[in-house]
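Working notes for the structure below.
Just so we're clear, the structure is a prediction, and the values are computed from it rather than from any experiment. In what follows, residues are counted from 1 in the order of the sequence shown.
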Amino acid sequence: MRSEVPRERLRFFSNPRMPPERSHRVRQDRKTQVRPDRRPGARWGGQPRKAAPSCQRKPLAWPRAAAGAISVAAEEEKRLRLRNRLTLEQNKPAVERCLEELVFGDVEDDEDALLRRLRVPRVQVQEDSDDDSEVEKEAKDNFLPQKKPVWLDEDDEDEEMVDMMNNRFRKDMMKNASENQLSKDELQKRLKEEFQHAMGGVPAWAEANKWKTPSDDESEEDEDDLLQRTGNFISTSTSLPKGILKMKNCQHANAERPTTARISSVQFHPRAQVVMVAGLDNAVSLFQVDGKTNPKIQSIYLEKFPIFKACFSANGEEVLATSTHSKILYVCDMLAGKLIPVHQVRGLKEKIVRSFEVSRDGSFLLINGVAGYFHLLSMKTKELIGSMKINGRIAASTFSSDSKKVYASSGDGEVYVWDVNSRKCLNRFVDEGSLYGLSIATSRNGQYVACGSNCGVVNIYNQDSCLQEKNPKPIKAIMNLVTGVTSLTFNPTTEILAIASANMKEAVRLVHLPSFTVFSNFPVVKKKNISLIHTMDFSPRSGYFALGNEKGKALMYRLHHYSDF
């Protein structure tokens with residue numbers, strides 16, 4: 001039954017903003033048309049009276065009455081909600097009531113228990129702590145017990161195997177024939193090894209101890225310091241980005257001495273801002289590199305001596321030159337201003353001396369002979385030190401970055417590694433996919449060996465694998481050329497590999513390292529100004545890149561990523 005509210009309370013709540021005494025006085029004032037005094041403490045229709053002290057004031061009776069009425073209304077509302085819920089529960093099916101008990105628990109006695117249970121925060125229980133807090137105990141009591149899974153699949157426990165034979169990328173990662181299948185964990189480890197092998201170790205950004213979380217105090221100090229300074233806070237990366245190489249065309253290096261003969265050699269001076277251009281016009285010319293006019297410094301004419309190759313010595317004090325049909329080796333002493341012909345090397349019986357290499361430490365001179373022989377000479381005295389022989393014809397040779405080893409590519413598609421001091425063969429392997437080799441190059445940092453073949457493929461190997469493995473796998477095979485690769489050159493920072501073919505026009509590409517992707521904006525095929533490339537070189541700090549073609553032009557480009565010459 002409902003509890004009835006007394007009439008006095010109902011009369012009181014008819015106008016809760018005004019006490020009964022005050023409403024009666026206002027009705028009297030309205031009859032007499034007298035406005036009461038609105039000032040604080042003023043009497044109705046008389047002088048203002050003084051307010052009674054706070055200790056003598058009596059509390060009003062109407063707030064207590066309001067509180068009682070509110071509690072009665074709350075009890076009534078609760079009773080109605082309980083009756084409505086019981087009515088709904090009677091109409092629910094037994095299955096639905098059972099499901100609600102499983103999900104929400106038994107809340108028939110107290111509906112607020114569900115709300116309290118949902119409001120309890122999830123607390124992570126620490127195993128090391130001996131005493132649990134009150135919140136954790138309450139959370140444990142309210143959590144439902146863990147239920148066992150309904151279904152267990154035995155196939156989930158079996159480790160899934162990955163097929164390695166039917167995928168050409170995975171097939172290259174196989175170390176032996178028994179690894180036709182690998183588990184996912186083993187495949188992940190193998191991919192990690194391949195990545196570290198390609199990068200030359202774990203990169204700095206992948207080391208966990210390199211990443212440190214700064215404290216709040218340090219971050220606040222950095223923010224304060226940032227707000228106190230002005231300037232350009234966006235800095236460029238020190239490493240060369242891949243994709244597009246920012247560069248511009250410069251004046252031809254030999255613009256002040258034009259020629260129509262093929263350019264056979266272009267090389268930058270190792271210590272001065274000078275470039276050397278030599279060709280089949282019997283001349284070796286030196287130009288000052290400024291990117292605008294490139295003024296000529298000097299030209300040396302060699303009578304009846306079409307130059308096959310010209311090269312600076314390691315210190316840049318000499319220029320060595322060979323011809324296409326002569327056994328004479330010319331040495332130009334730039335400091336003394338003398339031209340010294342070397343007519344015969346004692347012990348060397350070659351009829352023609354054409355291709356040669358100078359070691360990077362300036363100690364040795366390597367001459368490629370015939371019938372598989374190549375000869376090691378002293379750079380200082382030009383005397384023969386010893387000879388080495390490989391099977392077949394010598395296609396190309398080069399020194400390692402430390403000048404202690406010689407890499408030679410044969411006409412049979414094999415690569416030989418020789419020790420300079422003992423002149424013994426350290427390793428021999430077949431260049432993958434090559435019928436016969438045409439060119440070979442090593443990087444300045446001692447990391448890569450690039451081999452160019454007749455089919456246009458450039459295989460890039462790790463130097464360590466070339467020394468230790470009998471059948472090394474290339475890190476990457478560059479297949480952007482379709483004719484024989486005749487020229488290979490690494491830039492000094494080992495970030496660019498230039499590849500070119502003299503058998504097809506515009507057949508030159510710049511490969512980004514270590515991503516092994518080709519820069520898309522070079523060359524500009526629509527302009528058709530590169531033609532057939534026979535030689536190329538980078539400046540000592542990679543600021544310039546030069547090409548020599550069969551039209552007698554030494555093309556030169558400025559690489560904006562590098563600030564120095």
Side-chain angles (χ1 to χ4, degrees), residues 172 175 194 197-198 200 354-360 364 366-376 386-481 483-490 494 497-502 511 513-514 516:
D172 296 338
K175 294 183 179 180
E194 291 290 332
H197 185 71
R354 294 193 300 178
S355 180
F356 67 94
E357 296 292 333
V358 177
S359 64
R360 290 172 182 171
F364 305 104
L366 187 68
I367 295 178
N368 296 341
V370 295
Y373 284 95
F374 53 97
H375 312 281
L376 190 66
S387 298
M388 295 163 280
K389 186 181 185 304
I390 64 174
N391 296 334
R393 176 184 60 86
I394 295 180
S397 63
T398 185
F399 283 94
S400 61
S401 58
D402 56 2
S403 302
K404 295 181 180 180
K405 302 175 185 63
V406 173
Y407 291 84
S409 178
S410 71
D412 298 333
E414 293 183 329
V415 179
Y416 294 79
V417 184
W418 291 79
D419 182 68
V420 173
N421 295 328
S422 63
R423 290 177 296 282
K424 294 182 179 180
C425 184
L426 301 178
N427 196 11
R428 167 188 171 188
F429 62 92
V430 177
D431 184 19
E432 189 175 90
S434 173
L435 297 178
Y436 61 89
L438 292 179
S439 56
I440 191 170
T442 57
S443 61
R444 300 280 182 93
N445 64 350
Q447 185 177 0
Y448 301 114
V449 176
C451 301
S453 63
N454 64 315
C455 57
V457 178
V458 178
N459 289 326
I460 302 177
Y461 297 89
N462 192 298
Q463 286 197 26
D464 294 336
S465 64
C466 293
L467 295 174
Q468 301 171 3
E469 300 179 13
K470 292 297 182 181
N471 189 19
K473 296 292 182 180
I475 303 172
K476 182 68 176 180
I478 308 299
M479 302 182 182
N480 294 80
L481 301 180
T483 55
V485 182
T486 56
S487 300
L488 291 172
T489 304
F490 285 93
T494 317
L497 171 63
I499 62 176
S501 174
V511 182
L513 301 175
F516 305 105

From [X] [atom1] over to [Y] [atom2], what is the distance, rounded to the nearest 0.5 angstrom?
| X | Y | atom1 | atom2 | answer |
| --- | --- | --- | --- | --- |
| R393 | Y436 | CZ | OH | 7.5 Å |
| L497 | I478 | CG | CD1 | 7.5 Å |
| T486 | N454 | OG1 | CG | 12.0 Å |
| R428 | N471 | CZ | CG | 12.5 Å |
| L376 | N421 | CG | CG | 9.5 Å |
| L488 | S443 | CG | OG | 12.0 Å |

Heavy-atom closest contact ([X] atom, [Y] atom, distance):
| X | Y | value |
| --- | --- | --- |
| S501 | G484 | OG-O, 2.6 Å |
| N459 | E432 | ND2-O, 2.7 Å |
| E357 | F399 | O-CE1, 3.8 Å |
| S453 | S434 | CB-OG, 3.3 Å |
| N427 | S465 | ND2-O, 4.4 Å |
| N391 | D412 | O-OD2, 3.7 Å |

Q) Could you walk me through whether Y448 and F516 pass the side-chain contact (heavy atoms from CB on, under 4.5 Å) check? A) CA-CA 12 Å; Y448 301 114; F516 305 105; 3.9 Å; yes
Decide yes or no for [X] and [Y]: does some side-chain heavy atom of the first lie under 4.5 Å from some side-chain heavy atom of the second?
| X | Y | value |
| --- | --- | --- |
| V458 | V511 | no |
| S401 | R360 | yes |
| V485 | L438 | no |
| C451 | Y407 | no |
| F364 | V406 | no |
| N445 | F490 | no |

Q | K389 atom NZ: more than 12 heavy-atom contacts under 6.0 Å | A |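 Yes, because the 6.0 Å sphere around NZ of K389 holds more than 12 heavy atoms from other groups.
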**Q.** More than 12 heavy atoms of other groups within 6.0 Å of K476 NZ
**A.**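 Not buried by this count: 12 neighbours or fewer within 6.0 Å.
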Q: Please lay out, stage by stage, how M388 and C425 fare under the test side-chain contact (heavy atoms from CB on, under 4.5 Å).
A: CA-CA 9 Å; M388 295 163 280; C425 184; over 6 Å; no
Q.
I'd like to know if the side chain of D402 pairs up with that of S400 as donor and acceptor (distance under 3.5 Å, no hydrogens or angles considered).
A.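 Yes - a donor-acceptor pair under 3.5 Å links their side chains.
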Q: Give every residue pair that meets the ring-ring contact (aromatic ring centres under 6.0 Å, His included) criterion with at least one member in residues 460-479, sequence neighbours excluded.
A: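 Matches after skipping sequence neighbours: F429-Y461.
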Q: Could you pull out all residues at least two apart from F356 that satisfy side chain to side chain contact (heavy atoms under 4.5 Å, CB included)?
A: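 With neighbours one apart ignored, the set is K309, C311, L320, T322, V358, L365, I367.
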Q. Hey, does the side chain of S359 reach the backbone of S403 with a donor-acceptor pair shorter than 3.5 angstrom?
A.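 No.
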